[in-house]
**Student:** 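Before we start, here is the structure in question, set down as structure tokens.
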Protein chains: 2
Amino acid sequence: MRYPPGKKEQNRKQLLLASGRTAKRDGFAASGVDGLMKAAGVTSGAFYSHFSSKSALLKALIESELLASRNMWAGNPHQTAEDWLDFELDRYLNLGHVQHPEAGCVLPPLAAEIARADAPVRELFEAELVKGQQILAQRLHSEEMAWAFICQLVGTILLARAIPNEATQNAVLEASKRFLKDALAQRSPTGAE
Amino acid sequence: MRYPPGKKEQNRKQLLLASGRTAKRDGFAASGVDGLMKAAGVTSGAFYSHFSSKSALLKALIESELLASRNMWAGNPHQTAEDWLDFELDRYLNLGHVQHPEAGCVLPPLAAEIARADAPVRELFEAELVKGQQILAQRLHSEEMAWAFICQLVGTILLARAIPNEATQNAVLEASKRFLKDALAQRSPTGAE
DNA sequence: GTCTATAGGCTGATAGAC
DNA sequence: GTCTATCAGCCTATAGAC
């Protein structure tokens with residue numbers, strides 16, 4: 001055959017990476033298929049050899065993006081639950097994350113669009129989200145706390161991005177960061193596991 | 001004159017109310033001017049006698065919706081800070097709120113679109129949001145806690161709506177509700193002001 | 001102030017050359 | 001597998017009748 005066996009899969013990966021960045025920056029619905037594909041360097045015609053519809057792309061995008069987020073967590077160098085969580089809070093609740101949605105978490109920019117998507121998309125989303133929540137629950141020793149943390153993180157970046165004034169953005173970020181760190185400290189006051 | 005003096009203003013109010021519901025349910029960008037106006041019972045031609053552009057409508061919508069939210073808070077019957085906050089948490093972190101975005105808070109469905117809007121829209125948004133944050137700060141005796149609460153509330157509804165399974169939606173809602181109520185109890189353990 | 005009609009551009013998706 | 005060319009349908013915004 002003309003192409004090595006993994007070539008199509010590799011193209012698909014590149015396509016998901018590029019269109020993920022565009023969708024997170026400009027919105028998924030607002031980005032036409034042409035626009036999403038231009039970032040990947042191909043045309044809309046080529047798109048349909050990889051996905052049956054735009055909705056199928058959204059599904060693949062969610063899977064790819066949430067997997068990437070879990071992979072970032074896996075690269076966290078800290079061992080104790082306290083250090084591990086501190087590191088992730090600082091990484092997420094960060095002005096750089098506010099200013100660069102294209103390189104950040106998929107949840108703040110696209111959750112509202114997922115909420116309006118069809119059932120297959122939302123079911124995949126729930127399954128992938130729960131995987132992340134379970135990882136967090138292990139570190140927090142609480143499934144409930146894990147949900148609360150995720151909600152706080154996502155809401156903070158979402159609102160900070162809608163605010164134009166950088167000082168106010170920082171106030172929001174720092175407020176949430178201290179709120180979560182206080183909640184952690186209260187649960188393990190001595191730093192013990 | 002043919003119309004009573006306040007007629008146009010009244011029409012405008014009705015138009016904002018109806019298009020607010022549509023925008024919160026289907027998204028602002030995804031709802032065409034025709035669609036937004038159909039809900040108000042007029043056509044796209046009439047729209048441009050009230051607003052110079054679709055962006056101007058978004059600005060007016062944000063002002064109208066956040067004012068409506070503050071008016072809801074003003075109707076809270078409780079006096080003590082603890083009861084007042086409990087009441088609002090129960091009202092916001094509610095399955096009904098998850099299932100009926102058209103009647104709910106504007107932040108979860110539209111914040112991501114506001115973040116991508118032009119400067120005048122975002123500046124108005126910040127000013128209106130801070131008004132609400134200040135009201136909450138009075139009740140919480142902390143500007144910082146007020147920001148953290150808002151972020152938690154918005155993130156929770158946003159994520160719960162993207163999740164299809166009602167049991168999981170409830171788990172997310174209850175997790176955030178307990179998290180916030182615990183934070184409140186810790187700050188005023190005896191229930192004192 | 002509201003309507004209908006219309007303009008020019010962009011959308012998601014398909015057909016066929018290579 | 002990717003390209004160009006193309007479809008019908010939607011978008012924002014405007015013009016002019018009433």
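Below, each value reflects all heavy atoms present in this structure, side chains not excepted, and no hydrogens, waters or symmetry copies.
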**Student:** What is the distance from NZ of K38(A) to C1' of dT11(C), rounded to the nearest Å?
**Tutor:**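 Distance check: K38(A) NZ to dT11(C) C1' gives 14 Å.
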**Student:** With heavy-atom distances below 4.5 Å as the criterion, would you say the side chains of Q99(B) and E166(B) are in contact?
**Tutor:**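 Heavy-atom side-chain distance check passes, below 4.5 Å.
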**Student:** Please determine if K59(B) forms a cation-pi arrangement with F51(B), meaning its NZ or CZ atom is less than 6.0 Å from the six-membered ring centre and no more than 45° off the ring axis.
**Tutor:**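 Judged by the rule (NZ or CZ under 6.0 Å from the ring centre, within 45° of its axis), K59(B) is not positioned above F51(B).
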**Student:** Give a yes or no answer on whether the side chain of D26(A) reaches the backbone of S31(A) with a donor-acceptor pair at less than 3.5 Å.
**Tutor:**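 Between the backbone of S31(A) and the side chain of D26(A) there is no qualifying donor-acceptor contact (under 3.5 Å).
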**Student:** So, do H97(A) and L173(A) sit near enough that their side-chain heavy atoms are less than 4.5 Å apart?
**Tutor:**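 Sidechains of L173(A) and H97(A): no contact.
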**Student:** Can you confirm whether S142(A) sits close enough to R187(A) that some side-chain heavy atom of one is under 4.5 Å from a side-chain heavy atom of the other?
**Tutor:**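 Side-chain contact under 4.5 Å: yes.
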**Student:** Just checking R116(B): does its CZ atom have more than 12 heavy atoms from other residues, nucleotides or ligands closer to it than 6.0 angstrom?
**Tutor:**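 Buried by this count: over 12 neighbours within 6.0 Å.
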**Student:** Nearest 0.5 Å, please: how far is CG in L93(A) from OG in S176(A)?
**Tutor:**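 CG of L93(A) is found 6.0 Å from OG of S176(A).
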**Student:** Does any residue of residues 40-58 of chain A have a heavy atom under 4.0 Å from DNA chain D, and if so, which ones, in number order?
**Tutor:**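 Going residue by residue through residues 40-58 of chain A, the ones with a heavy atom under 4.0 Å of DNA chain D turn out to be G41(A), V42(A), T43(A), G45(A), A46(A), S49(A), H50(A).
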**Student:** For the pair made of CD in Q10(A) and P in dT2(D), what is the distance, rounded to whole Å?
**Tutor:**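 Rounded to whole Å, this separation is 11 Å.
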**Student:** Which residues within residues 15-37 of chain B lie with some heavy atom under 4.0 Å of an atom in DNA chain D?
**Tutor:**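 S31(B), G32(B), V33(B), in order of number.
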**Student:** Between K24(B) and E65(B) (salt bridge meaning N to carboxylate O under 4.0 Å), is one present in this structure?
**Tutor:**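 A salt bridge links K24(B) with E65(B).
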